[in-house]
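Below, chain A is the first sequence line, B the second, and so on; all start at residue 1. Predicted model, so just to flag it, every value in this text is computed and none were measured.
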Amino acid sequence: DTEVTQTPKHLVMGMTNKKSLKCEQHMGHRAMYWYKQKAKKPPELMFVYSYEKLSINESVPSRFSPECPNSSLLNLHLHALQPEDSALYLCASSLRYTTASGSSYEQYFGPGTRLTVT
Amino acid sequence: GIQVEQSPPDLILQEGANSTLRCNFSDSVNNLQWFHQNPWGQLINLFYIPSGTKQNGRLSATTVATERYSLLYISSSQTTDSGVYFCAVERGSGNTPLVFGKGTRLSVIA
């Protein structure tokens, strides 16, 4: 089973709200990712977690706060977002994160959460 | 960083036609993936193909790593093939993110 699940599917929030996006996988993958995708653009990496530790933060504003409570779960906490943060947020996982020696692993994506900030 | 260029940017096909999508990249890679993004936003894995040739039903892909390009072939296209096709690569030095091309938007009409 190569399934990554995300909840909720859709989210509408005001600029003063606090909300969280959730991602889950049960494939034994130890790398998990958050991507942001604006309309008619490719996905852009936000964060990478490897073995539950943050490995990459692509200069994402602090109003986005990731959390990896265990090897199967990845959360993205949202606070004081701006309308320009409206986008499709995609979670992905892979067996491992790419190693320094260059070994890489196939990434699998969830269905995404479509976020609208009003 | 690594550059990924996909062509053509847009493609309209009659149902039953064949097509070839191209992905050029600017550096050596240790990961290359082809995805199909359906109208609901789901990214569906088509191929993990850093080198060589693979086939899956009506789809096949070839990556020539030494010449830094990959091709995705779609045969006997169907309306359900419509959507955006992305090529994504990881550079060969490791610890680098997956970088996506801008995609090819395919419309298959009946």
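No more than 12 heavy atoms of other residues, nucleotides or ligands lie within 6.0 Å of NZ in A/Lys18, so this atom counts as exposed by the packing criterion. Few gaps surround CD1 on B/Ile44; more than 12 heavy atoms of other groups in view lie less than 6.0 Å from it. Counting non-hydrogen atoms of neighbouring residues, nucleotides and ligands closer than 6.0 angstrom, the CD atom of B/Glu5 reaches no more than 12 such neighbours. Under a cut-off of 6.0 angstrom, the local environment of CD in A/Glu44 is sparse, with at most 12 non-hydrogen atoms contributed by other residues, nucleotides or ligands.
Under the 4.5 Å side-chain heavy-atom criterion for Ile, Leu, Val, Met, Phe, Trp and Tyr, A/Leu21 and A/Leu74 are members of the same hydrophobic cluster. Linking ILVMFWY residues whenever their side-chain heavy atoms come closer than 4.5 Å, directly or via other members, leaves A/Leu76 and A/Val4 in distinct clusters. B/Tyr73 is connected to B/Val64 through a chain of hydrophobic side-chain contacts under 4.5 Å among Ile, Leu, Val, Met, Phe, Trp and Tyr, so both are in one cluster.
Rounding to the nearest 0.5 Å places CZ of B/Phe35 at 6.5 Å from CD of A/Gln107. Between the CG atom of B/Leu98 and the OH atom of A/Tyr35 there is a distance of 4.5 Å, given to the nearest 0.5 Å. With rounding to the nearest 0.5 angstrom, the CG atom of A/Leu88 is 14.0 Å from the CH2 atom of B/Trp40. The line from CD of B/Gln33 to OG of A/Ser94 is 8.5 Å long, rounded to the nearest 0.5 Å.
In this structure, A/Pro42 and B/Gly101 approach most closely via the heavy-atom pair CB-O, 3.2 Å. Between B/Asn45 and A/Phe109 the shortest heavy-atom distance is OD1-N, 4.3 Å. Taking every heavy atom of both residues into account, B/Gly41 and A/Arg114 meet most closely at CA-NH2, 4.1 Å. In plain terms, the two heavy atoms of A/Glu58 and B/Pro97 that are nearest each other are OE2-CG, 3.6 Å.
Contacts between A/Lys9 and chain B at a heavy-atom distance below 4.5 Å are absent for every atom of the residue.
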